[in-house]
Amino acid sequence: MRGLTALVAGVALLAVGCAGAATMEQKSLYDRLGGRPAITAVVDDFIGNVASDPRINQRFAGANIPRLKTMLVDQICEASGGPCKYAGATMEAAHRGMRITDADFGALVEDLVKSLDKFKVPAQEKGELLGALGGMKPQIVGK
Ligand code: HEM
């Protein structure tokens, strides 16, 4: 009888575990971030941080900021599994000739983290997003 109870408990635990895993798999990062409105709010705030960051703001002196915001939202939306198509330049082409350094890249990531924290994006989602953007670093730095 004790064996049967243990078996039932085991099967129940397994079922709960599977249900949990299934829910996590179903929701894309895009959905967990809160979709396009939440991504737009973070990008707006982030560009504000960049604009007031003396370490890198000169880099953006001649930039088309409205276009940059739209491109970043599209890019994050697509990279996180959302229903968008990024139609901008490749990361290599967009940053070619800028000689962006590790320090520049780090400063920009810090400005983004400030915004993610301000909007209380949880650690899991923050890590996934930063991981996706970090993967673009070789195309951006030192070109
Ligand atoms: C993960 C990091 C980064 C991502 C995802 C990213 C993304 C982008 C995107 C999507 C564009 C627009 C491309 C287009 O208009 O077709 C862009 C342009 C640009 N990026 Fe980055 N970038 C990153 C890092 C950096 C860094 C570290 C700097 C300099 C500190 C930088 C400076 C610029 C500038 C100056 C432009 C051109 C804006 C313009 O001419 O209008 N980016 N970037």
Side-chain angles (χ1 to χ4, degrees), residues 4-143:
L4 185 65
T5 312
L7 185 69
V8 169
V11 168
L13 263 177
L14 192 68
V16 170
C18 286
T23 326
M24 275 171 72
E25 274 164 28
Q26 271 161 15
K27 275 207 153 194
S28 64
L29 175 59
Y30 172 80
D31 283 330
R32 284 178 282 131
L33 286 170
R36 197 171 172 105
I39 293 172
T40 305
V42 168
V43 167
D44 277 351
D45 190 72
F46 159 56
I47 295 297
N49 289 341
V50 169
S52 57
D53 184 341
R55 296 173 296 178
I56 52 172
N57 56 6
Q58 280 313 305
R59 296 271 193 179
F60 295 86
N64 177 346
I65 297 297
R67 175 186 162 93
L68 182 60
K69 280 184 181 174
T70 308
M71 290 298 123
L72 280 170
V73 171
D74 281 348
Q75 194 185 36
I76 292 172
C77 170
E78 183 174 359
S80 61
C84 314
K85 268 269 157 263
Y86 171 69
T90 63
M91 286 301 90
E92 185 149 0
H95 303 93
R96 193 173 292 143
M98 289 187 195
R99 296 166 166 264
I100 291 170
T101 64
D102 264 347
D104 294 331
F105 193 89
L108 182 122
V109 169
E110 264 179 50
D111 291 341
L112 175 60
V113 166
K114 267 190 207 164
S115 299
L116 294 170
D117 288 344
K118 180 170 168 183
F119 287 92
K120 303 203 181 333
V121 172
Q124 173 72 29
E125 283 69 28
K126 194 165 77 171
E128 286 180 39
L129 180 61
L130 293 175
L133 297 180
M136 299 174 188
K137 189 174 172 183
Q139 281 82 53
I140 295 171
V141 168
K143 301 292 169 190

For C77 versus S80, what's the shortest heavy-atom pair and its separation?
O-OG, 3.1 Å
Measuring only between side-chain heavy atoms, which start at C-beta, is L33 closer than 4.5 Å to E128?
no
Just so I know, are the side chains of L133 and V109 near enough to count as touching, which here means a heavy-atom distance under 4.5 Å?
no
Walk me through whether D102 and K137 qualify under side-chain contact (heavy atoms from CB on, under 4.5 Å).
CA-CA 9 Å; D102 264 347; K137 189 174 172 183; 3.0 Å; yes
Closest heavy-atom contact between R55 and D104?
O-OD1, 4.3 Å
Euclidean distance, L108 CG relative to I100 CD1, rounded to 0.5 Å:
8.5 Å
Rounded to the nearest 0.5 Å, how far apart are CG of L129 and CD of Q124?
12.0 Å
Measuring only between side-chain heavy atoms, which start at C-beta, is L116 closer than 4.5 Å to F46?
no
Check whether E78 reaches the backbone of Y86 with its side chain - one donor and one acceptor, N or O, closer than 3.5 Å.
yes
State the CD-CG distance between E125 and L29, to the nearest 0.5 angstrom.
6.5 Å
OG1-CD distance between T70 and Q75, expressed to the nearest 0.5 angstrom
12.5 Å
Under 3.5 Å, is there a donor-acceptor pair between the side chain of D53 and the main chain of V50?
no
Can you give me the closest heavy-atom contact between R32 and K27, atom names plus distance?
NE-O, 3.2 Å
Show me, pair by pair, the donor-acceptor contacts under 3.5 angstrom made by side chains of residues 34-45, not counting sequence neighbours?
{"residue": "R36", "atom": "NH1", "partner": "D74", "partner atom": "OD1", "Å": "2.9"}
{"residue": "R36", "atom": "NH2", "partner": "D74", "partner atom": "OD1", "Å": "3.0"}
{"residue": "T40", "atom": "OG1", "partner": "R36", "partner atom": "O", "Å": "2.7"}
{"residue": "D45", "atom": "OD1", "partner": "K118", "partner atom": "NZ", "Å": "2.8"}
{"residue": "D45", "atom": "OD2", "partner": "S115", "partner atom": "OG", "Å": "2.8"}

For the CD1 atom of I65 and the CD1 atom of I47, what is their distance to the nearest 0.5 Å?
6.0 Å
Side chain to side chain, L130 and L112, heavy atoms closer than 4.5 Å
yes
Between N49 and D111, what is the shortest heavy-atom contact and its length?
ND2-O, 3.0 Å
Which pair of non-hydrogen atoms, one from R59 and one from T101, has the smallest distance, and what is that distance?
NH2-N, 4.4 Å
